[in-house]
Amino acid sequence: MAIHLKEKGIHDFIILEKAESLGGTWRENTYPGAECDIPSALYSYSFESNPDWDYKWSHQDQILAYMDYCADKYGIKSHIRYNKELISAHWDDGYNHWTLTSKDQSEYKATTFIPAIGQLHHPSTPSFSNQSSFQGSFFHSARWDHDIDLTNRRVGVIGNAASAIQFIPEIAKKTSSLIVFQRSANWVIPKVDRPFSTFEKKVARIFPFFLKWSRLRIWLTGGALYLLLEKERQTLRRVFENYSKRFINKNIDEPETRKKLIPTYKFGAKRVLFSDNYFKAINRENVHLETDEIVQFTSTGIETQNKHHSLDHIIYATGFKANPFMLGLDIRGRQGIRLNDAWSAGPKNYLGMTVDGFPNMFMMYGPNTNLGHSSIIIMSEAQSKYITQCIQKIKVGDIKSIEVKESTLNTYYDNIQERLKKMIWNTIEKSWYRAKNGNLSNNYPGRTLEYIRLTKKVNFNDYNIN
Ligand code: NAP
């Protein structure tokens, strides 16, 4: 967003950053093995190809370094105000501006407010019976405690999804025993990762075309994989389910464990996981897959229906509080209406960016813009271009406020919800894709190309402009 604003000659903006450095998810998730589940060529800006990626799927430290490099290159850092965690944003009807307040009570006035706070940054730590009785140490995967040495320790991991499958193979190499508490199995397919050779990097630097080509190829593949997310594609889905089952059979020796690893839901209904080494780790002698329900914690470990597991450390890989959106933020629009109240029946939005009653507010990675088949960077770039057009309109036209029409929002949102019913995510009741009212609130039901087209040029007839 910041890069795009500057490109269009808009420099009078600030970025409130809650931490003391930039990086968002790539600053916070430092667990061993943290890496992206989208190939680097597509998980990077379209205008800033990087010939120096070490791996096809980048590791956390290199993505963080890439972000830092981009912030320097495009002159963004001077706009960032660190340690300024936003707690409230109130629209003032009289003065037509937003008043933003950070945790340290700093106050800022702004004509435009862009919440770009992400969907997955409040760790979720479920409650278990007698949880506080456990005498060992515990932490969440997004708050990894690097002071704890897991070598030759007995470790329990609760959860087995995107985060867990990345660090389990790493810690399994050093723990004396590792118990993976799995509530539901997930679909996993090979990542087929590999390091790039020095020669490949050199070629990419001399001929940037190869990087563009690689990006295009991965993007098109994602577009094809989108088909898997449509409920009706049963045959295609079965092909992938069988592929995943063969992957299990190839890597897991015990027939009982193989069975436990086969999901009961349809391929694609939750995030499909990519890993070359997760099943190999589960197959290790020191690793045990526990599928019995956790009954309670004890002072020395975790008790399941049939067994007590003695543990020194427990790691929660239990995900994030994705709903409600904007958790912890007191956002108030016209006449003081709270966003939480406006969204009591689900996070209604237009294009995942605007909400009626909340003028000059444009969300990035807002509701219904998450993807199951491609890179979120594509959505962010589309959104930044769209929002920049709105800001230009406000600036050039001396406009006080721009606010999506209720009718436009309702038509768009109803259509999105109708389409979501036909998506595979709608076949399961529980996932982080759902809001409290049961609506699929996080994901976008189309391809990225469709979203790019839809947001390319702002139709100002969709807005009330004052
Ligand atoms: P998640 O997908 O929400 O998975 C949470 C795990 O914890 C699941 O296995 C869940 O089991 C389990 N769990 C939750 N509550 C539990 C309870 N009370 N008892 C037992 N098990 C419980 O979280 P995540 O793995 O951190 O991933 C979240 C999202 O972050 C991903 O979908 C992805 O979008 C993103 N992510 C991306 C990357 C990347 O490479 N780019 C890496 C990591 C994460 P159930 O399945 O039974 O609910």
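Every number for a ligand or one of its atoms is a count from 1 in the order of the listing. All figures in this text were calculated on a predicted structure; none of them were measured in a lab.
Distances from atom 12 (C) of ligand 1 to the heavy atoms of Ser431, Gly159, Gly319 put Gly159 nearest. Of the listed options Ile158, Val272, Val180, Ile428, Ile158 places a heavy atom closest to atom 20 (C) of ligand 1. For atom 1 (P) of ligand 1, the nearest non-hydrogen atom from the set Ala161, Ser124, Ala34, Cys36 belongs to Ala161. Which of Gly372, Ala317, Ala322 comes nearest to atom 5 (C) of ligand 1 through a heavy atom is settled by distance: it is Ala317. Nearest residue to atom 16 (C) of ligand 1 from Gln119, Gln60, Arg183 is Arg183 (criterion: closest heavy atom). Evaluated by nearest non-hydrogen atom to atom 29 (C) of ligand 1, the leading choice among Leu120, Thr125, Ile165 is Leu120.
Near Glu35, meaning under 4.0 Å from one of its heavy atoms, ligand 1 places the atoms 39 (C), 40 (O). Heavy-atom proximity to Phe320, at under 4.0 Å, picks out these atoms of ligand 1: 26 (O).
Asn286 places a side-chain N or O within 3.5 Å of a backbone atom of Thr175 that can act as its donor or acceptor partner. Side-chain N or O atoms of Asn426 include none that pairs as donor or acceptor with a backbone N or O of Lys422 at under 3.5 Å.
In this structure, a donor-acceptor pair under 3.5 Å is present between the side chains of Glu35 and His59. No side-chain donor-acceptor contact under 3.5 Å links Asp145 and Ser137. No hydrogens or angles considered: a donor-acceptor pair under 3.5 Å links the side chains of Gln383 and Tyr451. In the model, Tyr413 has a side-chain atom that pairs as donor or acceptor with a side-chain atom of Gln417 under 3.5 Å. For the residue pair Tyr265/Asn186, the side-chain donor-acceptor check at 3.5 Å is satisfied.
For atom 46 (O) of ligand 1, the closest heavy atom belonging to the protein is Lys270 NZ, 2.9 Å. In this structure, atom 26 (O) of ligand 1 lies nearest to the protein heavy atom Ser163 OG, 2.6 Å. Among protein heavy atoms, the minimum distance from atom 36 (N) of ligand 1 is reached at Ala162 CB, 3.9 Å. Remark: minimum distance from atom 38 (C) of ligand 1 to any protein heavy atom is reached at Asp37 OD2, 4.0 Å. Ranking protein heavy atoms by distance to atom 47 (O) of ligand 1, first place goes to Ser184 OG, 2.3 Å.
Residue contacts with ligand 1: Tyr316 is excluded, as none of its non-hydrogen atoms falls under 4.0 Å. Note on ligand 1: Tyr31 sits in its first shell, one or more heavy atoms being nearer than 4.0 Å. Note on ligand 1: Gln166 sits in its first shell, one or more heavy atoms being nearer than 4.0 Å. Distances shorter than 4.0 angstrom do not occur between any heavy atom of Lys430 and any atom of ligand 1.
Tyr278 pairs by the side-chain hydrogen bond (donor to acceptor under 3.5 Å, both in side chains) definition with nothing, not counting sequence neighbours.
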Would you be so kind as to tabulate the donor-acceptor pairs closer than 3.5 Å made by side chains of residues 167-174, with sequence neighbours excluded?
unit_1	atom_1	unit_2	atom_2	d
Glu170	OE1	Lys173	NZ	3.2

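Tyr43 and Trp26 have perpendicular rings, their planes meeting at more than 60° on a 0 to 90° scale where under 30° would count as parallel.
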